Q: 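So that we are looking at the same thing, I have put the structure below in structure tokens.
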Amino acid sequence: MATVVRACRTRGITMSWAEYLDSHQSRFVDELLEFIRIPSVSAKPENTGDVRVAGQWVVDRLRAAGIDNAEMLETAGHPVVCADWLHAGPEKPTILIYGHFDVQPAEPFDLWDSPPFEPEIRGDRIYGRGATDDKGAMFIPILATEALLSETGTLPVNVRFFFEGQEEIGSPDLPEFIAANLDRLQADMIFSADGGQWDPDTPQMVLGLKGLVSLEIKVTGAASDLHSGMHGGGVANPGLALAHLLASMKSPDGRITIDGFYDDVVDLTDEDRAAIARVPWDEAAYLAQTGAPATHGEPGYTPREALWARPTFEINGLTSGWQGAGTKTVLPSVASAKITCRLVANQTPEKIYDLIVAHVAAHCPPGVTAEVTKNPGRADPFLVPAGHNATAIAGQVLEEVYGTTPYQTRVGGSIPVMSTLLDELGLHAVMFAFGHEDENQHAPNEFFRLPTFRRGQTAYVRLMQALGG
Ligand code: BES
Ligand code: MN
Ligand code: MN
């Protein structure tokens, strides 16, 4: 990789950064294919080594781009990668660019049209797990710096990179890492290469992310599975008890009924609601995109308000009894549910967890016991305040690159480290990321659009130039 960069320079060819990006694009795409081939699934213990391989790939790629001090650094869990290029001069701002090299599990494999870790280009899309979230997107700023360094020998701003290998499991070890490594992360502004743009022709400024708490509820009845004829009517069924318990937590009309759940929620102001309403909403397109028969949210809120700015309660997995073909007359001993709640200001994962524990204790049906356990990983809700200076510049760059004014949006997703960086460095990260909502994040047939990959590279070059003045 390093040879290619140097070869251009020694031959004395002077290209513009844009020509550099164009003429090296097929190499960049090949490299992205190589990056996606590493199954860096942070959630699965058997892929722990692959997360490291992906981290080392990033280290090598940063070095090849001409970035200094690229290193993989340890945490109690999956590693992080830090690097910097700090030669623009003390009068120039220092920016910190964030992204993640871990990916979500790719199961169920049989729903993929091509294997998730054998990426394939079809048309102008690259298919594979992590293509958009976040391997393709986090590679973009590396390429933008490579093009500038190669063509001008310098960068308009000082740049630090901070990539992690545990975002998709809630970044459990990052608060400790960040607190212990503040010197490596000092910056004037943070840009996140995880996030996204509205669609291939329309930019957006993502001004809000939701928080997250993750837990499991396990309901236990008899000491082991029983014959459902011999014991049905004699002991409680944990599957049904869990169903009753879950039904007590959210009403069919969409309101969460966990005692105290909404207490800390800051109501949307008229201004917030007006800002959300300015972004077009196409119900039919949303239903077509999701394949759902109807929208379903919280009464009193538009679907978009619920999606972007109201807390949610979701069952992510539900298990009890016989799951195979046909009938098995069993009275299960246990039933369990995996649950995540997405949170908004000023809810905290810790308080919502405590409320759920108290709710389960108060509403557990007779004849069973219920146990709640917290899963690792949590996120605070994150809102970028109006008038944040990096937001204005990022918005102008997007407007120039796309030729249209960015929408101001929020998303229902979470990036746990955003609030940690805010707490530790006092900086609100600005989402400056490329990738689109329809690219099957976390789902089968995840893909990334190659024109967006290329356009994002231009945008990052222009961002650094605009910030360098
Ligand atoms: N890239 C997403 C978050 C995101 C989604 C940002 C949509 C912007 C638009 C991120 O990788 C993600 O999936 N985060 C997890 C965090 C969780 C495991 C704590 C999420 O939101 O589920
Ligand atoms: Mn992501
Ligand atoms: Mn993700």
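Numbering of ligands and ligand atoms starts at 1, following listing order. All values below come from the heavy atoms of this structure, side chains included, with hydrogens, waters and symmetry mates left out. Everything numeric here is computed off the predicted structure, so don't read it as measured data.
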Q: Specify side chain, backbone, both or neither for M431, according to which of its non-hydrogen atoms lie closer than 4.0 Å to ligand 1.
A: neither
Q: Counting each atom of ligand 1 from 1 as listed, which ones have a heavy atom of P416 under 4.0 Å away?
A: 19 (C)
Q: Check each atom of ligand 1 against the heavy atoms of G413 and keep those under 4.0 Å away; list them by number with element.
A: 21 (O)
Q: Can you tell me which portion of S171 lies within the under-4.0 Å heavy-atom range of ligand 1? Options are side chain, backbone, both, or neither.
A: neither
Q: Can I get a per-line list of side-chain donor-acceptor pairs under 3.5 Å for residues 349-357, giving both atom names and the distance, sequence neighbours left out?
A:
| unit_1 | atom_1 | unit_2 | atom_2 | d |
| --- | --- | --- | --- | --- |
| E350 | OE1 | R378 | NH2 | 2.9 |
| E350 | OE2 | R378 | NE | 3.0 |
| E350 | OE2 | R378 | NH2 | 3.3 |
| K351 | NZ | D264 | OD2 | 3.0 |
| Y353 | OH | V372 | O | 3.3 |
| Y353 | OH | K374 | N | 3.3 |

Q: Test your reading of the structure: does Q104 have an N or O sitting under 3.5 Å from an N or O of ligand 1?
A: no
Q: Taking 4.0 angstrom as the limit and counting only heavy atoms of D133, give me the atoms of ligand 1 inside it, by number and element.
A: 1 (N), 2 (C), 11 (O), 13 (O)
Q: Around the Mn ion (ligand 2), how many protein N, O or S atoms are there at under 2.8 Å?
A: 4
Q: Please report whether the ring centroid of W57 lies less than 6.0 Å from that of F139.
A: yes
Q: Tell me which one of G412, G195, A137 gets a heavy atom nearest to atom 6 (C) of ligand 1.
A: G195
Q: Does Q441 reach ligand 1, in the sense of a heavy atom lying below 4.0 Å from it?
A: yes
Q: Heavy atoms only, cut-off 4.0 Å: how does R378 contact ligand 1, side chain, backbone, both, or neither?
A: neither
Q: Tell me which one of R342, K210, E168 gets a heavy atom nearest to atom 21 (O) of ligand 1.
A: R342
Q: On a heavy-atom basis, I'd like to know which of D194, V411, T409 is closest to atom 2 (C) of ligand 1.
A: D194
